[in-house]
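Being a predicted model, the structure only gives us computed values, none of them experimental.
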Amino acid sequence: MANQSSRYPILCASFNQDNSGFAISTKDGFKIIDSNTGRLCYDRAVGAFIIVEMLYSSSLLAIVGAGEQPSLSPRRLCLFNTTTGAPLREMTFLTSILAVRLNRKRLVVVLQEKTYIYDSNSLSMLDTIDTVPNLKGLCAFSPSLEGCFLALPASTAKGAVLVYNVMELQLHCEIDAHRSPLAAIALSSNGKYIATASEQGTIIRVHLVSEATKSYSFRRGTCPSTIFSLSFAPSLQLPDILVATSSSGSVHIFSLGFETNQRTKMSGSFLGSILPYSVNDALDPAHHHVLHNAVSAGVRSYAVARKVDKVADSSSSEIASCRAIISLIAYNGYFQEYTFTLNSQNESTWSLEREFNLVAVISGNAETS
């Protein structure tokens, strides 16, 4: 996720495919940091970068310069080896690179009106996708080889999303998700679900990718707000939670697992029998949990759920509570980690576990404040 404004010290931030590590870039260079410990794993001060993407915890990085130096052109993708400190391969494009995604089989490069698919090992080009103008490089990618999908905007007039099967190299479906253009997209790590938000930012929708059908609609709020990030919790099946950050400075959690149980209860009620689920979901705030003022309003932020644990009731087989570790990067230079707990009565708590200055991380473990 690149910063469109340079008024904050963080130019870009990205977590790796399993959220075990993350990369940030400043005007001086980039850093790789361990999510669990806050330990600085790699630091290279050679200038500003607008894209730094990791391949899990390997030594391979995909980096794109910010253009402040001739050697760091925003049109040049460098595949970089952190072990040797040297480029493995460089690829130059006709226009600026807006986003890069990768897994162990595929490399995706997003330009304003074209997206290129490469074999990650041979770097041979496999396909080219012509897209609508995608000025922000909006995209989502599921790294699972069994459900490896790429999502791109399909329209500039409405919130339509194109879902492309990256392994089979074919269009999977197109989903009309919103009336307004898209502002954020996320795919679950297994490629089974896709979440979208429009430029209005009031409704978050989740679709089942295999059938292109809407599964959930959540109301974030009534006032428009820019959704900076969307991220599913890691899961082999239905993710338990979806995390969002917005320009209001809040972190939002939408509980999908508990939503399923609530739907079962509501289907037997009078209101549930006469209202369709899409209306129920938009009106019911019970599955929306907010941490207000996590960062200052207007500051771009990026949050992920790194881990989710379920605690069963000792007297029954039902889930008594759900606990998630939420990691947040704010582009004003701070990392925060929260423990979010949700019980079966839908009562939630947030606890700040650690916070540190990303720019000041130089060696060893990060100091918490």
Side-chain angles (χ1 to χ4, degrees), residues 159 177-180 182-188 193-208 214-235 238-267 269 271-272 275-295 297 301-306 308-310 319-328 336 338-352:
H178 304 270
R179 287 191 292 266
S180 301
L182 295 171
I185 321 172
L187 279 158
S188 60
Y193 291 88
I194 183 170
T196 58
S198 74
E199 292 178 351
Q200 287 292 104
T202 53
I203 300 292
I204 310 294
R205 292 200 168 96
V206 177
H207 286 76
L208 182 64
K214 185 173 66 177
S215 300
Y216 305 93
S217 293
F218 297 104
R219 181 172 291 280
R220 179 211 55 82
T222 55
C223 298
S225 183
T226 301
I227 302 300
F228 287 144
S229 71
L230 288 171
S231 178
F232 286 100
S235 175
L238 172 66
D240 296 291
I241 62 175
L242 173 68
V243 185
T245 61
S246 68
S247 58
S248 66
S250 301
V251 180
H252 307 262
I253 285 185
F254 305 95
S255 54
L256 280 66
F258 280 79
E259 167 78 356
T260 303
N261 296 333
Q262 186 69 17
R263 280 189 175 188
T264 302
K265 296 175 183 177
M266 189 168 185
S267 63
S269 68
L271 185 62
L275 289 178
Y277 283 142
S278 60
V279 177
N280 288 344
D281 295 342
L283 293 178
D284 184 5
H287 305 285
H288 177 204
H289 308 271
V290 188
L291 175 64
H292 295 286
N293 304 315
V295 299
S301 57
Y302 180 20
V304 300
R306 291 201 297 110
V308 177
D309 293 317
K310 297 177 183 178
I319 301 300
S321 65
C322 173
R323 183 175 62 185
I325 304 299
I326 309 298
S327 294
L328 170 71
Q336 298 173 354
Y338 294 88
T339 296
F340 170 80
T341 304
L342 178 66
N343 64 23
S344 58
Q345 284 74 46
N346 205 48
E347 299 167 333
S348 62
T349 59
W350 298 78
S351 175
L352 178 62

Checklist outcome for this item: So OG of Ser255 and CZ of Phe218: to nearest 0.5 Å the spacing works out to 6.5 Å

Checklist entry - Would Leu291 and Phe340 satisfy side chain to side chain contact (heavy atoms under 4.5 Å, CB included), going step by step from the backbone distance to the final call? => result CA-CA 10 Å; Leu291 175 64; Phe340 170 80; over 6 Å; no

Item to check | Which atom of Arg220 lies closest to which atom of Pro224, heavy atoms considered | outcome: NH2-C, 4.0 Å

Next on the checklist: Testing the 3.5 Å rule here: is there a donor-acceptor pair between the side chains of Thr245 and Ser229?
Outcome noted: yes

Item to check | side-chain hydrogen bond (donor to acceptor under 3.5 Å, both in side chains) between His207 and Thr196, worked out | outcome: CA-CA 8 Å; His207 286 76; Thr196 58; 4.9 Å; no

Checklist entry - Do Ile203 and Ser198 come close enough that some side-chain heavy atom pair is under 4.5 Å? => result no

Checklist outcome for this item: With sequence neighbours left out, the residues meeting ring-ring contact (aromatic ring centres under 6.0 Å, His included) with Tyr302 are Phe15

Item to check | Closest non-hydrogen atom pair, Thr202 against Cys223 | outcome: CG2-O, 3.8 Å

Checklist entry - Going by heavy atoms in the side chains, are Ile326 and Ile253 under 4.5 Å from each other? => result yes

Checklist outcome for this item: For Pro239 and Ala233, the nearest pair of non-hydrogen atoms, with its separation, is CB-O, 3.6 Å

Checklist outcome for this item: Value for NE2 (His287) from CG (Leu256), rounded to nearest 0.5 Å, stands at 10.0 Å

Checklist entry - Quick one: does Asn346's side chain get under 4.5 Å of His289's, heavy atoms only? => result yes

Next on the checklist: Arg205: which residues meet the salt bridge (charged side-chain N to carboxylate O under 4.0 Å, His left out) condition with it, sequence neighbours left out?
Outcome noted: none

Checklist entry - Has the side chain of Ser231 got a donor or acceptor atom that lies under 3.5 Å from a matching backbone atom of Val304? => result no

Checklist entry - Hey, does Val206 have a side-chain heavy atom less than 4.5 Å from the side chain of Phe254? => result no

Checklist entry - Counting distance only, does the side-chain N/O of Gln200 pair as donor-acceptor with the main-chain N or O of Ser180 below 3.5 Å? => result no

Checklist entry - If you round to the nearest 0.5 Å, how far is CD1 of Ile227 from OG of Ser246? => result 5.0 Å

Next on the checklist: Does the plane of the ring in Phe232 sit parallel, tilted or perpendicular to the ring in Tyr193? Use 30° and 60° as the thresholds.
Outcome noted: tilted

Item to check | Atom pair CD/OG of Gln336 and Ser301 - distance to nearest 0.5 Å | outcome: 9.0 Å

Item to check | Heavy-atom side-chain proximity of Ser235 to Val308 below 4.5 angstrom | outcome: no

Checklist entry - What's the shortest heavy-atom distance between Glu199 and Leu182, and which atoms? => result CG-O, 4.0 Å

Next on the checklist: When you measure from the side chain of His288 to the backbone of Arg219, do you find a donor-acceptor pair of N or O atoms at a distance under 3.5 Å?
Outcome noted: yes

Checklist outcome for this item: Closest heavy-atom pair, Ala303 versus Leu328, reported as atoms and distance to 0.1 Å, is CB-CD1, 3.9 Å

Checklist entry - Measuring from Leu230:CG to Leu187:CG, what's the distance to the nearest 0.5 Å? => result 11.0 Å

Checklist entry - If you measure from CD1 on Ile325 to OH on Tyr338, what distance do you get to the nearest 0.5 Å? => result 13.0 Å

